[in-house]
Amino acid sequence: MSQLILTGVGDYAQNVRLEQQPDLTVGPDDVLLQMEAAPINPVDGLFSNGWYAVQPQLPSFIGSEGVGRVRETGAATEPALAGRRVVILGSYEQGAWADQVVVPARNVVAVPEGIDAAQLSMLTINPITAHLMLTRYVDLKPGDWIAQTLGNSAVARSVITLARIAGIRTISVVRSEKAAEEARAAGGEIVLVDGDDLAERTAQALAGQRLRLVLDGAGGSTAGALATGLEPGGTVVSYSSATGEPPAIPLGNLVYGELSLRGLWVVNWFHTAPRAEIEKVIGDLVDLVARGELAVPVDSTYPLHRYAEAFARNASPERTGKVLFRFDAAA
């Protein structure tokens with residue numbers, strides 16, 4: 001039994017240790033999971049650096065989401081969970097970088113057998129964020145146009161897939177031609193490389209139509225350039241910021257266009273949504289994974305004891321997908 005423990009605030013690559021005998025006491029409302037897979041996500045870096053809404057209480061668990069199997073249930077939990085395969089809600093109330101971990105039962109959702117563990121492990125943050133952005137803010141119809149920044153990211157790939165299924169048309173903005181190739185390979189309908197004339201090229205792509213929604217994970221001026229193409233009363237949703245800056249919406253568009261700027265943090269939804277809604281959304285996404293329609297590229301997988309290599313690969317500019325910890329014999 002082993003678990004990665006954060007020992008100091010800062011880069012997790014420099015501030016974790018491998019704990020060989022973690023406390024696996026199962027409380028009455030908890031379950032004990034034997035983990036199958038857990039990804040390394042950008043949010044893990046935010047958490048370890050103290051830049052996240054959830055702050056580490058040192059020494060702290062780490063690892064935002066994953067998939068595993070229930071090996072023990074607490075006295076107050078549903079006994080039928082025993083032996084079930086489950087995904088962990090990425091609420092950061094537990095750490096997933098462990099071969100076994102104790103999780104509050106409210107933070108797991110049972111999923112079917114026979115589905116790729118790697119894809120299931122990445123289900124509860126990026127795909128759910130994409131789903132919420134496409135369904136909560138604007139009543140999108142087939143044929144409507146949306147645009148997004150970070151167009152080759154894991155969130156953007158989920159947006160592209162879910163939008164295509166719903167008949168929604170997409171413009172995805174990226175920062176390089178290499179990233180554009182990745183976004184096109186993921187099914188991006190129109191892919192634009194960011195630049196000073198982005199607003200003009202977006203208008204040309206729309207050919208007289210207007211955007212109904214802009215999704216921003218980059219921050220800074222890119223979302224503002226896309227916002228010039230929004231319909232009156234259109235909406236910008238900010239879910240992250242790769243630049244560390246808020247989205248910069250031109251004042252004229254914001255005021256005269258009566259635009260809405262909204263923020264989304266998926267953890268709020270985990271805390272407030274009815275349990276039936278959470279299970280329904282996860283179930284629908286799992287079905288898409290099972291059919292091969294929803295997938296995120298996996299760059300590489302590592303056993304937990306090779307965490308230093310995993311962190312180095314995750315930081316590499318040559319990385320072509322997610323880096324995962326695997327906890328089975330194949331790892």
Side-chain angles (χ1 to χ4, degrees), residues 41-43 45-46 51-53 90 125-140 144-163 166 168-176 179-180 182-183 186-203 205-206 209-255 257-269 296:
N41 283 322
V43 68
L46 296 177
W51 300 334
Y52 198 50
I125 295 181
N126 294 329
I128 290 181
T129 295
H131 165 81
L132 293 176
M133 290 193 296
L134 291 172
T135 59
R136 290 183 70 183
Y137 304 100
V138 176
D139 184 17
L140 295 169
D144 286 346
W145 281 95
I146 68 169
Q148 62 177 340
T149 63
L150 292 187
N152 64 322
S153 67
V155 172
R157 290 170 182 270
S158 294
V159 167
I160 287 169
T161 296
L162 298 179
I168 298 163
R169 307 190 70 180
T170 58
I171 296 175
S172 300
V173 179
V174 297
R175 290 177 285 186
S176 68
E182 294 174 358
E189 182 173 357
I190 293 178
V191 180
L192 303 176
V193 177
D194 201 359
D196 292 339
D197 62 344
L198 177 61
E200 291 78 9
R201 286 183 288 128
T202 299
L206 289 169
Q209 299 189 68
R210 306 292 289 181
L211 296 169
R212 302 207 61 212
L213 182 66
V214 170
L215 310 177
D216 180 44
S221 62
T222 304
L226 293 175
T228 63
L230 277 168
E231 66 181 7
T235 299
V236 178
V237 179
S238 175
Y239 65 92
S240 183
S241 177
T243 63
E245 302 173 358
I249 310 301
L251 184 60
N253 295 100
L254 183 65
V255 174
E258 297 188 355
L259 304 182
S260 296
L261 175 59
R262 302 291 301 272
L264 172 65
W265 186 36
V266 68
V267 175
N268 284 333
W269 183 74
V296 174

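- Among all heavy-atom pairs drawn from R212 and D139, the shortest one is NH1-O, 2.9 Å.
- Considering only heavy atoms from C-beta on, I249 comes within 4.5 Å of V236 through its side chain.
- Contact detail for A183 and I160: the closest heavy-atom pair is O-CD1, 4.2 Å.
- Side-chain atoms of T161 come within 3.5 Å of backbone atoms of R157 as a donor-acceptor pair (strictly under, hydrogens ignored).
- Counting only distance, with no hydrogens or angles, the side chain of S153 and the backbone of A156 share a donor-acceptor pair below 3.5 Å.
- A donor-acceptor distance shorter than 3.5 angstrom exists from the side chain of T149 to the backbone of G217, with no hydrogens or angles considered.
- Atom CG of L132 sits about 5.5 Å away from atom CH2 of W269, to the nearest 0.5 Å.
- Residues N253 and L230 form no side-chain contact, since every pair of their non-hydrogen atoms from C-beta on lies 4.5 Å or further apart.
- Atoms CE and CG, on M133 and L162 in that order, are 9.5 Å from each other to the nearest 0.5 Å.
- Side-chain atoms of T222 and R175, non-hydrogen and from C-beta on, never get closer than 4.5 Å to each other.
- No side-chain heavy atom of T228 sits under 4.5 Å from any side-chain heavy atom of T202.
- The backbone N or O of V191 lies less than 3.5 Å from no partner atom in the side chain of S172, so there is not a single donor-acceptor pair.
- Within the 4.5 Å cutoff, side-chain heavy atoms of I146 are placed close to those of L134.
- Counting heavy atoms from C-beta on, the side chains of R210 and L206 never come closer than 4.5 Å.
- Considering all non-hydrogen atoms of both residues, A223 and D216 come closest at CB-CG, 3.5 Å.
- L264 is listed as a side-chain neighbour of R136, based on a closest heavy-atom distance under 4.5 Å.
- For E200, the CD atom counts as densely surrounded, since its 6.0 Å shell holds more than 12 non-hydrogen atoms of other residues, nucleotides or ligands.
- Here the straight-line distance linking atom CD1 of I171 with atom CG of L215 works out to 12.0 Å at 0.5 Å rounding.
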